[in-house]
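Keep in mind it's a predicted model, so treat the numbers as computed, not measured. Proteins get letters first, then strands, A, B, ... in listed order; numbering begins at 1 in each.
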Amino acid sequence: MSESGAAADDRPGPLSGVRVVEVGVWHAGPGASAILGDLGAEVIKVESLRGDPERTHGTFGRMAVKSPTVKPGWNMLFEMSNRNKRSVSLDLASADGRQVLHRLIESCDVFLCNLRQSSRQALGIAAEDVLEVNPMTIYVDVNAFGHHGPYASTGGFDPLGQAMSGMMYTTGSEEPMTLSWIVLDQLTSITASHAAITALYAREREGRGQEVSTSLYGAGVWFEHANLLFESLAPEPMEFDWDRRAVSPLRSTFPCKDGNWIVSTNHPPHRGWPEFCAAIERPDLVADPRFDTDEKRSGSLELYAVLDEVFLSRTRDEWLEIFAAADLFFVPANRVADVLDDEQAEANGYIVPFEHPFLGRIKIPGYPVRFGHHRAGTRTAAPALGEHSVAVLTELGYSTDEIDALVDRGIVAAGGAS
Amino acid sequence: VTAGPLSGVRVVDMGIWHAGPGGAAILGDLGADVIKVEAPGGDPERIHGRFGRMAGMELPLVLPDWSMLFEMSNRSKRGIVLDMKSESSRPVLERLVAGADIVTTNVRLSTQARLGVDFESLRTYNDRLVYVNVSGYGETGPYADLGGFDPLGQAVSGMAMMTGDDEPRPVEMIVLDQLTSITASHAALAGLVARDRTGEAQAVYTSLYGAATWLQHANLLATSWVGRKIELAWDRSIVSPLRSTFRCQGDDWIIGTNHPPEKYWEPFCRAIDRVDLLVDERFDQHEKRVQRSAELIAVLDETFVTRSRDDWLERLHDAGLLFAPVNSLQDVLVDEQAVVNGYVRNLEHPLLGELTVPGYPARFEGLAAGTQCPAPRLGQHTADVLAELGFSADEVTELREAGAFGDDGGEA
């Protein structure tokens, strides 16, 4: 059943034939066109002569992401945001550079931009400019806090979007904390690509392009739908932090003998406390008057002291086998590194092997959906700056002489490998 | 009411709980006509009272078949009752699927096969169908038949360790169910585009596990690249003050972000009236500030508690620095920025009255998106939908007598 790596699969993607032009920087924005690329769209990244600043950004969370030992100018963040793309490097401040961009806009189905509004206006790539050149285009606007309102022109990065949307108070600490790392940038990329595909479908039916606009803030609110709806309905502020003892041993976490944890969930009513006590070989607890109702078990430090001791007597895998046999819902609490080696993740294409041009064979996350007829997921590694300038300009109808002249005058940078 | 971008698309939702039905609700937010098909007893989420730590949320005003979770998962839909276990319901199912663009389901595959609602069965009624399957951990592999709920998906995917990996802490509440709904609707849309281009039925498969790996792309890629564990825990004392959090007067917090640290140190000190730090020999070079970050943050903490959050934000914004308030969820519900962009909006709910609800997070020019109508009562639209499907009143009576809508006739 499992696919043997993206590289061996030459089926088209569900968005094959769709052409995306991106003028974007950092992750939220470029990450969306990378996802469209995962789905088979052809993506052209237009960069300034200096390139996307993410190419040279040095840290990611608490770690360095630049790797001088691998290749100068390469870093992991840029790879993540720009897989599946070709790079064209242009002097966008020059009239001739704009002319090239103009032709790219004429040729595209989706135009994606996350520059600030003032920069877009200066470059002539605001929504109205692009839609005037090509009224059939889907103009995807990604910004920090929304198109309107007091923060409309404020820039922002992942942690600021997390802060605005309430995400930082969901971590179980009184002190606000971000969820690591750049999950909101990624969620915004998911959201922007969701909106882009929706608008593409609407275009097929209505015969017109349009602007769609989303933001870090919007994506954060979408993610927090349940929390916000509850907060909206509840008469008083609600507790959203995780407390392993607060609900029920059947919706909790337990550390095991080998230092690993297991996690349980909301069990259907017919599988409950007696089955659990039997599985852990503590049938005495069923009728123990200290613990014989849901209410008594909720939040009982005494009960968790008893159970914690029981769980420390066996390893995680021993417990998982016991609970599987009892048909109770317990799974391992994997660490990120565990996921990379997890058979289940590999079988479903959530983690796929990828032959990277200079990192060699590595494991990377895939597109989280399998299509019956189509291939989805990373097809190519992130491009070098200007790696495809010549190829793309040739496709646009520029002659070799014209391209040479543009390169000589410093309007186009045709750098990079191959 | 303006049309949504998916107006004219018809979706049949055969799922239960949130991951699955939530995807269909998003398609409904975008204007698709979504019909939720429930068994005679109704979706178990209708009567599920406990949500995370809240035993209650059985709000006194609500009906016996209503819960907040059900509302969240089933907004923007109409509801019908159909007893799939009864052969008599088959003609209704056939016409429903024949007229649908998308079917979404998160029932286990073995149950789908038993009820004859698996992809191979459904496509015989509609050779242009987009079938969207949502499972716990993916439809193949050793966990394929295991049931899954949100915290389990977070556990298996490493997401429960996202706040640091000494102890798992699933992120509350049902954010992974919601993310899976986002993922499923994303896949349904891509399937729809592909269907129109190829003319062929499409089957797409996703899961809680898949959605969580998607969210954690950076964590997974970084771990893969460095070949060892990476630090995930947030620690405000070891990051640059320009991207740390600060508690202000009144216990409100603000946060900064990745400013180029050398360029912005001086404007930062000026904005907070601490020019003394520019010449403080403990902190007068970037390297020293990195080395002594805990000490520096402690010094700054004393300054930040002296003014209100809004005061600081104004000063920092005036200096061209990117800082934002750390909002609570209550703040978000009334935040002007969220309201004007439609991230939260008011809804007149028939049971609950005026209510603030989250919207669809993208704005379409001239097209409406967001909650279209509240979740249906059990079987509320059975008669309407059957009439649309061309069943006459007599035929509906016959179906009802034959048990197609269950013993009680499919009315709540």
Side-chain angles (χ1 to χ4, degrees), chain A residues 1 14 39 62 76 80 146 148-149 151 157 159-160 163 166 168 171-172 176-178 180-183 186 194-195 197-198 202 210-214 218 221-222 225-226 228 231-232 239-240 242 246 253 261 263 265 331 333-337 339 344 347-348 350 363 365 368-372, chain B residues 5 53 72 137-138 140-141 143 149 151-152 155-156 158 160-163 165 168-169 171-174 178 186-187 189-190 194 203-206 210 213-215 217-221 223-225 231-232 234 253 255 257 322 324 326-327 329 332 337 340-341 343 356 358 361-365:
Chain A
M1 288 289 281
L39 293 170
R62 291 161 65 169
M76 192 216 75
M80 171 182 171
H148 302 292
Y151 278 74
F157 284 90
L160 299 191
M168 288 181 69
T171 61
M177 296 193 170
T178 58
S180 301
W181 295 108
I182 65 170
V183 292
Q186 173 69 358
H194 195 282
I197 304 167
T198 301
Q210 63 176 311
E211 180 190 6
V212 298
S213 177
T214 191
V221 168
W222 207 20
H225 193 122
L228 286 161
E231 195 74 56
S232 175
E239 293 289 336
F240 289 112
W242 174 258
T253 53
W261 290 68
V263 179
T265 186
V331 296
N334 283 328
R335 297 178 177 84
V336 174
V339 176
Q344 185 69 23
N348 288 283
Y350 303 151
K363 288 180 179 176
V369 179
R370 187 177 70 85
F371 289 82
Chain B
R53 291 167 62 175
M72 171 183 175
Y137 313 97
T140 183
Y143 281 46
F149 280 90
L152 300 190
V156 170
M161 300 289 197
M162 206 157 60
T163 55
D165 64 3
R169 292 174 181 278
V171 181
E172 299 279 29
M173 323 264 1
I174 67 169
Q178 171 69 358
H186 197 280
L189 289 160
V204 301
Y205 300 87
T206 191
T213 55
W214 206 19
L215 185 70
H217 197 119
N219 295 347
L220 287 160
L221 190 61
T223 306
S224 175
W225 176 52
E231 284 297 336
L232 294 173
W234 169 255
W253 290 73
I255 184 172
T257 188
L322 300 178
V326 182
N327 286 329
L329 295 164
V332 173
Q337 186 71 23
V340 297
N341 287 285
Y343 302 151
T356 305
R363 185 177 60 91
F364 294 83
E365 207 66 49

_I need the minimum non-hydrogen distance between A:P368 and B:G210, along with the two atoms involved._
CB-O, 3.1 Å

*asked:* So for A:E211, is it side chain, backbone, both, or neither that comes closer than 4.5 Å to the heavy atoms of chain B?
replied: both

*To the nearest 0.5 Å, how far apart are CE in A:M76 and CG in B:L221?*
5.0 Å

*asked:* Is A:L228 close to chain B through its backbone or its side chain, or both, or neither, when contacts mean heavy atoms under 4.5 Å?
replied: both

*Any residue meeting side-chain hydrogen bond (donor to acceptor under 3.5 Å, both in side chains) with A:Q344, in chain and number order, not counting sequence neighbours*: none

*Sub-4.5 Å side-chain heavy-atom contact between B:Y137 and A:N348*: no

*How long is the span from the OG1 atom in B:T206 to the OH atom in A:Y350, to the nearest 0.5 Å?*
5.0 Å

*Where on B:Q337 is there a heavy atom nearer than 4.5 Å to chain A: the side chain, the backbone, both, or neither?*
both

*Decide yes or no for B:I255 and A:M168: does some side-chain heavy atom of the first lie under 4.5 Å from some side-chain heavy atom of the second?*
yes

*Please determine, among A:A195, A:S213, A:G166, A:P159, the option with the most heavy-atom pairs under 4.5 Å with chain B.*
A:S213

_Interchain contact, A:L160 with chain B, by part (heavy-atom threshold 4.5 Å)_ = both

*For each of A:G372, A:A163, A:G149, tally heavy-atom pairs with chain B at distances under 4.5 Å, and name the one with the top tally.*
A:A163

*Atom pair NZ/CG of A:K363 and B:L220 - distance to nearest 0.5 Å*: 11.0 Å

_Value rounded to 0.5 Å, distance of CE in A:M80 from NE2 in B:H217_ = 5.0 Å

_Heavy-atom cut-off 4.5 Å, strictly under: side chain, backbone, both or neither for B:T356 against chain A?_
both

*For chain A, the option from B:T163, B:V332, B:V171, B:V340 that forms the most heavy-atom pairs under 4.5 Å*: B:V332

*asked:* At a 4.5 Å cut-off on heavy atoms, which part of B:A160 comes close to chain A: side chain, backbone, both, or neither?
replied: neither

*In terms of heavy-atom pairs under 4.5 Å, which option from A:A333, A:A337, A:S180, A:A202 contacts chain B the most?*
A:S180

*asked:* Under a 4.5 Å cutoff for heavy-atom pairs, which residue among B:E365, B:E231, B:R363, B:M162 has the most contacts with chain A?
replied: B:R363

*Is A:T198 close to B:F364 at the side-chain level, that is, under 4.5 Å between some pair of heavy atoms?*
yes

*Which atoms form the tightest heavy-atom contact between B:A155 and A:V331, and what is the distance?*
CB-CG2, 3.7 Å

*asked:* Between B:W225 and chain A, with a heavy-atom cut-off of 4.5 Å, which part of the residue counts as in contact: side chain, backbone, both or neither?
replied: side chain

*Indicate yes or no: at least one non-hydrogen side-chain atom of A:R335 is less than 4.5 angstrom from one of B:L232.*
no

*asked:* I'd like to verify something: which residue of A:V221, A:V263, A:T178 has the highest number of heavy-atom pairs under 4.5 Å with chain B?
replied: A:T178

_Which atom of B:H186 lies closest to which atom of A:I197, heavy atoms considered_ = CE1-CD1, 3.7 Å

*asked:* Looking at A:H148, is its backbone amide N or carbonyl O close enough to the side chain of B:N341 to form a donor-acceptor pair, meaning the two atoms are under 3.5 Å apart?
replied: yes

*Distance-minimising heavy-atom pair for B:T213 and A:V339*: CG2-CG1, 4.1 Å

*Working to the nearest 0.5 Å, report the span between CZ of B:R169 and OG1 of A:T253.*
8.5 Å

*Which one, B:G141, B:P168, B:A362, B:A190, leads in non-hydrogen pairs under 4.5 Å with chain A?*
B:P168

